[in-house]
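The next block holds one structure in the form of structure tokens; read it before the comments.
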Amino acid sequence: QVRLEESGGGSVQPGGSLRLSCAAPGFTDRSACMAWFRQVPGQERERVASIYTGGGSPAYAASVKGRFTLSRDYARNTLDLQMNNLEPGDSGIYYCAARSGWVNVAHCSTDAYTYWGQGTQVTVSV
């Protein structure tokens, strides 16, 4: 059983920054997908950023490209999302997700993830 624990959410003004962290104790699969999604009530869940742990660069939604940076820290075993220049439209519940077992980089750009965290709230407002 994979456990994912998000932290780092909060409230910030437009233009501010937050860093989300997803702890994944024991999850060291080097052929897996990990991602951050966000959900706003009444809207479809959006995959914000994803990474294939076997190598390659992260992929980003067009809405966050250039502002968000995804990184995998194998020493701390976390998946971190640095969010800069935040906008009100970035508000929502952010979820960490993972998928392992016979995956390749193409699977990381889908929404078919197996493991999910509980989510952390991000609010961007004046």
Side-chain angles (χ1 to χ4, degrees):
Q1 182 70 21
V2 175
R3 190 175 82 249
L4 303 174
E5 299 177 359
E6 303 97 338
S7 62
S11 297
V12 65
Q13 293 186 343
S17 298
L18 285 173
R19 187 176 182 87
L20 305 183
S21 187
C22 172
F27 187 76
T28 57
D29 197 332
R30 291 300 184 112
S31 179
C33 300
M34 298 190 77
W36 283 95
F37 287 78
R38 67 185 177 195
Q39 178 82 59
V40 177
Q43 298 183 18
E44 290 189 6
R45 184 177 58 196
E46 178 185 21
R47 180 170 26 81
V48 174
S50 61
I51 190 169
Y52 177 59
T53 61
S57 301
Y60 299 93
S63 58
V64 307
K65 205 166 188 178
R67 301 186 297 119
F68 290 14
T69 303
L70 183 69
S71 58
R72 176 81 165 118
D73 188 328
Y74 286 98
R76 294 168 52 235
N77 209 4
T78 61
L79 181 72
D80 301 320
L81 185 68
Q82 177 66 42
M83 307 186 295
N84 297 328
N85 194 20
L86 283 160
E87 304 168 353
D90 295 318
S91 298
I93 300 175
Y94 282 68
Y95 296 92
C96 178
R99 172 179 177 174
S100 62
W102 301 103
V103 300
N104 57 46
V105 64
H107 292 112
C108 302
S109 297
T110 71
D111 292 346
Y113 282 70
T114 309
Y115 307 106
W116 294 85
Q118 293 299 309
T120 184
Q121 177 73 47
V122 171
T123 303
V124 185
S125 65
V126 175

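Values in this document were obtained by computation on a predicted structure and should not be read as measured data.
- Legend: salt bridge (Lys or Arg N to Asp or Glu O under 4.0 Å) pairs involving residues 21-34, not counting sequence neighbours: none detected.
- Every side chain to side chain donor-acceptor pair (under 3.5 Å) that Ser31 has, sequence neighbours left out, goes to Tyr52.
- Under the 4.5 Å side-chain criterion, counting only non-hydrogen atoms from C-beta, Met83 is in contact with Val122.
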Please tabulate, for the side chains in residues 13-22, all donor-acceptor contacts under 3.5 angstrom to protein atoms that are two or more places apart in sequence or on a different chain.
| unit_1 | atom_1 | unit_2 | atom_2 | d |
| --- | --- | --- | --- | --- |
| Ser17 | OG | Asn84 | OD1 | 3.0 |
| Arg19 | NH1 | Gln82 | OE1 | 3.1 |
| Ser21 | OG | Asp80 | OD1 | 2.8 |

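- Under the 4.5 Å side-chain contact rule for hydrophobic residues, Trp36 and Val12 share a cluster.
- Counting only residues at least two apart or in different chains, disulfide (SG to SG under 2.5 Å) contacts with residues 26-73 comprise Cys33-Cys108.
- The nearest pair of heavy atoms linking Thr28 to Arg72 is CA-NH2, 4.3 Å.
- Closest non-hydrogen pair, Asn77 versus Ala24, comes out as ND2-O, 2.7 Å.
- Sorted by first and then second residue, the salt bridge (Lys or Arg N to Asp or Glu O under 4.0 Å) pairs with a member in residues 98-126 read Arg47-Asp111; sequence neighbours excluded.
- Contacts of Tyr94 classified as side chain to side chain donor-acceptor pair (under 3.5 Å), with partners at least two apart in sequence or in another chain: Arg38.
- Under the side-chain contact (heavy atoms from CB on, under 4.5 Å) test applied with Leu70, the options Val64, Val48, Leu81 reduce to a single match, Leu81.
- Taking every heavy atom of both residues into account, Ser50 and Tyr113 meet most closely at CB-OH, 3.6 Å.
- How far CD of Glu6 is from CD1 of Ile93: 10.0 Å, rounded to the nearest 0.5 Å.
- Among residue pairs with one or both ends in residues 51-71, those qualifying as salt bridge (Lys or Arg N to Asp or Glu O under 4.0 Å) are Arg67-Glu87, Arg67-Asp90; sequence neighbours excluded.
- For the atom pair OG of Ser125 and CG of Leu86, the computed distance is 11.0 Å after rounding to the nearest 0.5 Å.
- In this structure, Glu5 places its CD atom where more than 12 heavy-atom neighbours from other residues, nucleotides or ligands lie under 6.0 Å away.
- Under the ring pair (Phe, Tyr, Trp, His ring centres under 6.0 Å) criterion, no residue pair touches residues 54-79, with sequence neighbours excluded.
- Contacts of Arg45 classified as side chain to side chain donor-acceptor pair (under 3.5 Å), with partners at least two apart in sequence or in another chain: none.
- Considering only residues two or more places apart in sequence or on other chains, Val2 meets the side chain to side chain contact (heavy atoms under 4.5 Å, CB included) condition with Leu4, Phe27, Tyr115.
- In this structure, the separation between CZ on Arg3 and SG on Cys96 is 12.0 Å, given to the nearest 0.5 Å.
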